[in-house]
Every structure is written in C-alpha cells, then in structure tokens.
Amino acid sequence: MEGTYDFEAVERKWQRRWEEAALYAVRAGDSAEKYYCLEMFPYTSGELHMGHLRNYSIGDVLARYWRMQGRTVLHPIGWDAFGLPAENAAIERKIHPADWTWGNIRAMRKQLQRFGFSYDWSREIATCDPSYYQWTQWLFLLLYDRDLAYRAKAPVNWCPRCRTVLANEQVEAGRCWRCDGEVELRELDQWFFRITAYADRLLEDLDRLDGWPERVKVMQRNWIGRSEGVEIDFRLEGSDTLLSVFTTRHDTVYGATYLVLAPEHPAMGEILTRSPVADRVRQFCDRVMRERAIRNESPEPLSKEGVDTGLRAVNPLNGERIPIWVGNYVVMEYGTGAVMGVPAHDQRDLEFARQYGLPVRVVIQNPERSLRAEEMTEAYTAPGTMVNSGPFDGLPSDVGQERVAAYLEEKGLGRRRVQYRLRDWLVSRQRYWGAPIPLMYCDRCGIVKVPIKELPVLLPQDVDFTPGGRSPLERHEGFVNTTCPRCGGSARRETDTMDCFVCSSWYFLRYISPHEEEAPFSRQQASYWMPVDQYVGGVEHAVGHLLYARFIVKVLHDAGYLPVDEPFHRLLTQGMVVLGGAKMSKSRGNVVTPDEMVRKYGADTARLFVLFAAPPERDLEWSDRGVEGAWRFLNRVWRLVRTKSEEWAGGTEGRIPEVVDPDSPAGELRRRLHQTIRRVTRDIEHRQQFNTAVAAIMELVNDLYAHLDVRDVPMAVWKECLDALCLMLAPFVPHLAEELWEMLGHEGSVHQAKWPEYDPQVARAPQVTVVVQVDGKTRDRLEVDAEVEEQELLALVLHRPRVAKFLQGRRVLRTVHVPGRLINLVTAGDDRPNE
RNA sequence: GCCGGGGUGGCGGAACUGGCAGACGCAAGGGACUUAAAAUCCCUUGUCCCCGUUGGGACGUGCGGGUUCGAUUCCCGCCCCCGGCACCA
C-alpha cells in the first residue's frame, strides 16, 4: 500500500464529475440568500501566473464556503481580452490579434480548469467577443447621451512606443504602465469620459465602503484630490483681461507680492504683445514647454525658474500693483494656471521669491513667536493672526478665510470653488484591438451616433498591422467609409477604439445575464445579484479599474439601470507572490509557474500552499519546501482517513453515545473538533485569514493522530471527526475532500453538503489552565475547574510552593482575576516601609 | 514632504477586546521502523545564565519613554522597510 495518494487520478476524476453534474452552475434563487463572489478576470496573456493562482484560490475558498453555508453563489470567470499585446503579437509574429487572443483563452481556460475552481462556466465571457463589446459600445453611447462623453483637444499623455495615448491612471512616474517607456505630452483631439462630474460622489461614497481596505480608499481620496478654495480675479494692468488665481489660502491674499502664470496660460498672447521683454518671455515659455513635453519626471522637483514679464497685475483687495512672472512651477492642468505668490506663507513661493529678490510680506502672524520677513527661511503655513490685511487685521486666520471669501463674492471679485486633482478619463486609443467607438463624422450632420440597432460596430478582420502613426483602422477604407444614418450622405467612422478599462468597468454586470440579447444585462437579474458581495484582486487597480467601475455603476444607477450605486460591497486586495523578496519576473529569472506545481504535486497542494503560507493581504514568499510541506500534510490526512475507513469497512453504523465523558479521550477529541470548527468558521467568514484556518485544521489532524492508538474512542466519534475534517477541507482542497468524503461512505458531493456547526457545549472545556502571576510575572500555572471562584482559586494558589516562594517577605495588596485565564497577585514588600 | 501599511525565533508566520509571546508550517537535531536508505511515526528546538541531575532564573516582539496589576497590543517621541501621492497653489 502506497504512502501517497494519486493526485492526478483523483483530480481528474472529480473534475469530470463536477463538469458532468454542472455542479457550480447557478440560477438566481428566490429563497436562499445570494452571494456574488468575484475575482478580477485575467488579461489574456496566454499564461496563468502565481498571482492568478493566489487570487483565484482565495476567491474559490469563499465561493465554496458560502455555497456550503446554503447561499446561492454566483462565481463567474471571463477574459479581459482587448489590449495592446495582442496587436504587438500580430506585428511581431504575424498572427491575427483575434487568433492570438482566442488561442490564449483556450490555453488559460484549460489551466484554470486544471485547478478545479468552482466557476459557473456557462457564464464565461470575453470582452473581445462582439456579443460583449456591442454592449461596451452601448455604454459609450449612454455616456454620450448623458453628456458624459465628449471630444476635446487637450494635452494628453502619448506613449511613442505603444503609439497611443494613455489615461492619467496609466502613467506611473512619467512612464507608460505597459511598456515602461517615457511618456510625452501631445496636443490631440480625443474622447473623454466626464468622470470629474462624479468626483464628489466618488469621494463621499467611499465612507460607505466599510468592507474596503483603508489603503485603497486613501489612494482613491488622494487621486480625486478634492480641495476647497477661492478663485480670485486679479486684473492685468492697462487691460480688462482677468488673471484669476485659485488658492486655498485666501486669508493670505494681502501677502501676494507677485503673480505667476503657467507658460501655457491663455493670456500669454496678450502678455507677449505688451511685454517690454517679450522675446525673453517667449523663449522661456518655449523652453519650459519643450522640457515638459519630454516628461522625464525625476523624483526630485525641478529647480524653480521664472521670468518677469515687466507687466503688472492689480490685487482686487488692496489695489496693489504686483509684477507678473511666468514660472516653470505652475501647471496649466490644475486650478486656473495662475497662482498668487505669497512667499511668507508658502514654501514654494518663498524659494522663488528669495531666488529672484521678490519682496516677502508677513500677513499671518505666528502667535508663538513673531515672524520677521527678512529672516524667514521657511514659510509659515500654520494658522495665526491676520496682519497687514486692511480691514481683516486682527482676525484669526481661519475666521479671516471665511470673511475674505464672503467679501470677494459680495464684491464680485472672486468666488468659492472646489478643485479636484482628478481629470477626465481619456478613453480614445489609436489602436486596432479594442472596441470601436460607435460614432461617425458626417459633413452635414457633424458627430452622429451609430444607432443602437446597428451595434456592434464590428472590427474588420483584414487589417494591415504594419506600425504607423495612426490607428490601423484608419487605413481600412471599408471600415472608415459609411453612410450617415441621419441624412443618408457619406460619413467617416471614428477610428479610435476604447481604452480596455472601459470594457472591464462593467464586466461584472454581464456575468449576471451573459446571454441576454436585448440589453447589456437584465435589470431584474441585476437587482437580485448586485452588488458583488466579495471582490478579490490586486491592489494595483486601486485608482484605475476600481475607480472606473464605481463611476460606471453610478452612471448606470442614475440612468435607472441599476438599483445599487456601488459595485463592490467588500474588497480583498491580495499581496504579491514573491521569490527571494522580489516580484517574480522572467527578466529576473525567478519564476515558478502554476503549471509546474500542478504537474509535481497537483492542484490541491498548490492551492493549499498559497492559502497557508501568508495571510491574503500580505506578500507571499514562495517556498518549494513549503509546498512540500503542504503535500505531506495532505497525504497525512489521506492516510488517516484511509486507515480509519478500512478499519470500519463493512459497517460503521453506530451513534455518538448520548453522553461522552468530557474527560475521556473521546470527549477530548470531540472538544478539539468543535473548537476547530469554531476557529475555522470564524477565520474564513469574519477574518478572511485562511492561513490560520488551515493551521487550525492541521492541529486537529495532529490531535487525531495522537488518538490513533487510543482504544476507547468509539467509531462514531471518529466518524464525526473525519466527516467534519473533510467538510472543513472542502473549500481549500476540493478534489481530495471529495475523494475522502466518498471513502467515508457518503453519497453525493461534499461541496453540496452543509458546513459543520459547532456545539458550544461540546467545545467548552471543563478544566482550564490558569496562569498565576506575582506582580505581573508568570510564576505558575494550574489546571482548575473552568467555573472556579476567585476566593477558591486564591486559596489554591497561595499553597503552591512556586508561588509561595515569590511571596516570601511580601504581602498581597490585591489580586486581579481574569476568569478562565489568569490570576495576578499584586504585592508590596514588608521591608520597605513606604510601600 | 504628506498619507497609508509594516518591523515578532534560523525562515514563512500565530497571538480574538490589554491577560501563558512564538500556534501552525519550514529548516535543524535526536529517536523508532529498516540489512540500508527514502518514506513514515514520535520527541526536542527564542537567547543567555545557574545547576552533577530533577530543575531554577534573567532577558526577549525595531529603539527610547509613558499609562497599567499586566503592553507585540494603548499613548508620546524617534529609526528602518514597503506602497501611494507630490511644484496641486
């Protein structure tokens, strides 16, 4: 008889049975409570990596657990299938992007199935499938109709390597998220989604997302970057042109000693015609803009540079004439592209002022220590008392802030304003492998929508992928030329495709009714299934995907398609899988693939290891030894069940005796079992800490082994323990659990059995270990009745020699008793009179 | 700079609401089984000190303080690591 089980045969056997029985197919039920368990769907790169294995193993534990708890569980999977790598494959390897993608899907589907995840495969979707992207296009038109999609010329991030534009969320430290190449700024006509219109709601509703990790919420808050301030209208001297500035420190407006404009500022034309040093200013602007175009953002801020235009602006509050400068530290994308320089109370302004010898004027006085403008090397940014501020003198700065704002609004010199860091979402891409934007340009009618009935706008197959400056679609006459549905004249199609994040911003809704032909999803089904109860995925999507999906759901909610306005109730962001402390990558050569693991140890071992080696949120250090440990454990379980089930082969009926003495080995075993059930249930359900759940099961198995040779444990008790053991293992190692469940004589799938319940009476220990401390130091421990009273316990304790030893020459002042845990004797020495 | 998260044995990590620090696993050492090895099963394993032994004691959760009968856990000040944001006015 072998000492290890044949994982290959076992896993193949049960995967086939599950498939035949369509065990994980689900329909909206009306009686059972639903549970929508979702993991971030994979990009169709062609291979599954350890991150996927971890992601999907976590999701599968939850899906299987809740199914056993009686919920109606929706657990779908699909493919994020549009995107650049497919097109690059076409260019490099002369494969059509569609063939490449569908081939990858086939391979990855096989890999996923090999791991035995409990997906409802009848709901599989792919974003590159016309029956899917038809509805992505529908979504675009919905946003267009609601004035949330617009076309604008704007400086946008351009990746020269990928030959396309990128959203702000796809630029990381000035580099492209995909190819890591440097990103340039280009002035282009592009399609945007007006996500800024939802900025406030996206921000406020974060407070409702109790089931989200704090750090993701913080990242979204930072990204949205709301700040309240005032726009103040300075006037260009000798002109009616207003130079408005945005500031959050309007209480310091009397301290403005100059004004700085961004080089791209719209008033620059007028300034250049009037400036006595126009040439210098022009040269400066050109240089700064050129430098910015090659956005090689170093981590260090650029040194501040500027040039005096020789012109003046008028401060609307005190009528003061202050010089207008152009500076490289002012950006056009934020606020108004102009700032007032208040060197005394802003560090950047102070640096700039000192560099160019501009005056510094204190207008907020530090109540602690009087500020002197000439001596300042650090701006004073804390609250204080207003000075040199005309009618506002003497006010605390926070009050002054209110007054200045009110005054400006009253006189029509400015207005309160909320400013966001968040920009609109750039969704155009100049590439082929994406969902075409369903619009056309008619000479007579302008921009015209493709009628919903005519969707999808299909991607043509026969396209020339040779790299060029523009989208391959643009060179496809058959695609571009079309007829205007409004006037019947000739029209040209939009050739930009959509950012693949548009596709992934609603895919969780398509799973709900994936075969629906009349709509992106059934409203009725969506109101049953939404929101997603548990979303699992990597934290790298914190400000991209997760923000977009929230935005799109709010739009659909507002348009009446969804009852909910947040997509994901709980979010679990799992850590990376690392080896030697570094992320696995081909270039580092430290990659271990899930396929290798399955081949060597099987799916159950691989899954168990990734769940056991670290808590889900933390990074997981890969360890081949650790995998072996998981494999050993599973065999240990298998041998145990096999031994016992053979022992009672032929008849094991028998009941657990009505009364099992809690002090007998059988009673002890049952107690450990019920304690384990309590721990495992809590760890999965409330703490989502699967490593400790597995550890608890391992402890139970160790206990069962320790009782293997104990004679007077009734078979029925063994049966109870082993049954529950299988049930608890089922979410983690679904194949082996089935096999053992069958060995134990059960009919039907363990995954359709009920999760075990613990009996608090059985779990309760009649005797407990109480720790005895003297002055907070542990000196002894003793077994006592769980219910023991303090007085009785104290009497016992005082007679213990180990305790008495430490009480010599001291008297007990008081005792602290934590029932069932500890008793602490607080003493004072007799030899120290003052105590 | 600001905001999050983290720092515990040789390693991955436990410790619920302030109550036995180091569960579970890995590694290491020892024993049983075996002709032998592998596999398996059992035991030991934070550091230091005292003791011939049974045993006993001190220290110990990044560092320094504090609160408390008692602190990995709470508070104050610092150091280091990871992540996010950053001329954002």
Side-chain angles (χ1 to χ4, degrees), chain A residues 2-4 172-173 213-223 225 227 229 245-250 252 260 262 297 299-304 327-331 333-342 346-349 351-352 419-421 539-540 542-543 575-576 581 609 612-615 617-630 632-633 635-636 639 679 682-683 686-687 689 691-702 705-706 708-709 769-778 780-781 802 805 813-818 820-827:
Chain A
E2 294 293 320
T4 59
E172 295 157 0
E214 193 55 36
R215 65 172 171 151
V216 174
K217 291 194 277 187
V218 167
M219 281 163 79
Q220 293 210 351
R221 279 189 200 107
N222 283 344
W223 192 259
S227 55
V245 301
F246 176 75
T247 178
T248 53
R249 289 301 306 273
H250 34 287
T252 66
V260 198
E297 279 176 25
E300 298 301 312
L302 295 165
S303 64
K304 290 178 186 38
N328 67 345
Y329 75 103
V330 178
V331 295
E333 295 85 36
Y334 188 82
T336 60
V339 301
M340 58 180 197
V342 186
D346 182 288
Q347 189 57 32
R348 292 158 306 181
D349 295 344
E351 283 167 33
F352 192 76
Q419 176 71 37
Y420 299 95
R421 207 193 73 98
V539 74
E540 66 273 18
V543 289
M576 285 189 303
F609 172 73
F612 174 65
E617 303 254 1
R618 260 208 250 179
D619 284 353
L620 183 155
E621 176 70 32
W622 187 266
S623 153
D624 288 338
R625 302 279 204 184
V627 179
E628 279 173 47
R632 274 200 293 267
F633 169 71
N635 281 300
R636 199 165 142 84
R639 282 190 302 269
R679 278 174 69 188
R682 191 196 55 198
D683 284 353
H686 299 289
R687 310 203 311 156
Q689 203 166 287
N691 56 329
T692 49
V694 173
I697 297 173
M698 287 174 166
E699 282 184 67
L700 176 66
V701 171
N702 290 344
Y705 264 86
L708 217 43
D709 298 324
T769 308
V770 170
V771 169
V772 187
Q773 296 185 337
V774 179
D775 294 321
K777 296 200 177 204
T778 303
D780 199 4
R781 50 198 60 169
R802 282 151 162 265
K805 184 170 139 191
L813 291 179
R814 67 181 176 113
T815 58
V816 180
H817 182 219
V818 183
R821 278 193 184 274
L822 145 162
I823 184 158
N824 187 12
L825 311 179
V826 186
T827 69

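Each of G25(B), A15(B), A14(B) was ranked by its minimum atom distance to the side chain of Arg687(A); first place goes to A15(B). Side chain of Arg682(A), nearest nucleotide from C20(B), G13(B), C16(B): C16(B). Checked against C59(B), G13(B), A86(B), the side chain of Lys777(A) finds its nearest nucleotide in C59(B). Nearest to the side chain of Phe246(A), among C24(B), G13(B), A89(B), sits A89(B).
In this structure, Glu540(A) reaches neither bases nor backbone, as no heavy-atom distance under 4.0 Å exists between it and the strands shown. Arg821(A) comes within 4.0 angstrom of sugar-phosphate atoms only, judged by non-hydrogen atoms across all strands, and of no base. Nucleic acid contact for Tyr705(A): sugar-phosphate only, since backbone atoms but no base atoms lie under 4.0 Å from a heavy atom of the residue. Ser623(A) comes within 4.0 angstrom of nothing in the nucleic acid, heavy atoms only. Base contact: Val330(A) has a heavy atom under 4.0 Å from a base atom.
Comparing the C1' positions of A58(B) and U17(B) gives an interatomic distance of 31 Å, to the nearest angstrom. C20(B) and G84(B) have their P atoms separated by 37 Å, with the value rounded to a whole Å. Rounded to the nearest Å, the gap between the P atom of C11(B) and that of C16(B) is 22 Å.
Within the shown strands, C11(B) is the pairing partner of G25(B) under the Watson-Crick or G-U definition, both distances less than 3.5 Å. Checking C20(B) for Watson-Crick or G-U wobble geometry (two distances, each under 3.5 Å) identifies no partner in any strand. Pairing partner, G55(B): C50(B), with both Watson-Crick or wobble hydrogen-bond distances short of 3.5 Å. In this structure, U73(B) forms no base pair with any nucleotide, since neither Watson-Crick nor G-U wobble geometry is met with both distances under 3.5 Å. In a base pair of the Watson-Crick type (N1 to N3 plus N6-O4 or O6-N4) or a G-U wobble (N1-O2 and O6-N3), with each distance short of 3.5 Å, G1(B) is matched with C85(B). Nucleotide U40(B) forms a pair with A32(B), judged by Watson-Crick or G-U wobble geometry with both contacts under 3.5 Å.
A glycosidic torsion no more than 90° from 0 defines the syn conformation, and G9(B) adopts it.
Separating the OH atom in Tyr329(A) from the CD atom in Glu351(A) is a distance of 9.0 Å, to the nearest 0.5 Å. Annotation: the span from Leu822(A) atom CG to His817(A) atom NE2 amounts to 8.0 Å, rounded to 0.5 Å.
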### Message
Evaluate Gln419(A) against Thr248(A) for side chain to side chain contact (heavy atoms under 4.5 Å, CB included), listing each step before the verdict.
### Response
CA-CA 10 Å; Gln419(A) 176 71 37; Thr248(A) 53; over 6 Å; no

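Between Arg421(A) and Asn222(A), the closest heavy-atom pair is NE-O, 3.4 Å. Pairing each heavy atom of Val770(A) with each of Ile823(A), the nearest pair is CG1-N, 3.9 Å.
For the contact set between residues 213-221 of chain A and RNA chain B, defined by any heavy atom under 4.0 Å, the members are Arg215(A), Val218(A), Met219(A).
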Could you write out each protein N or O paired with an N or O of nucleotides 67-72 of chain B at a distance under 3.5 Å?
| residue | atom | partner | partner atom | Å |
| --- | --- | --- | --- | --- |
| C69(B) | OP1 | Arg814(A) | NH2 | 2.9 |
| C69(B) | O4' | Arg814(A) | NH2 | 3.4 |
| C69(B) | O2' | Asn824(A) | ND2 | 3.3 |
| C69(B) | O2 | Asn824(A) | ND2 | 2.4 |

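Within the 3.5 Å criterion, the main-chain N or O of Gly776(A) finds a donor-acceptor partner in the side chain of Asn824(A). When atom types are taken as modelled, the side chain of Asp683(A) and the backbone of Ala693(A) share a donor-acceptor pair closer than 3.5 angstrom.
Computed from coordinates, the Gln347(A) CD to A89(B) C1' distance equals 14 Å when rounded to whole Å.
The side chain of Arg421(A) contributes no N or O atom lying less than 4.0 Å from OP1 or OP2 of C2(B). Arg639(A) has a side-chain polar atom (N or O) that falls below the 4.0 Å cut-off from OP1 or OP2 of C41(B).
Under the 4.0 Å criterion applied to side-chain N and carboxylate O atoms, Asp775(A) and Lys777(A) are not assigned as salt-bridge partners.
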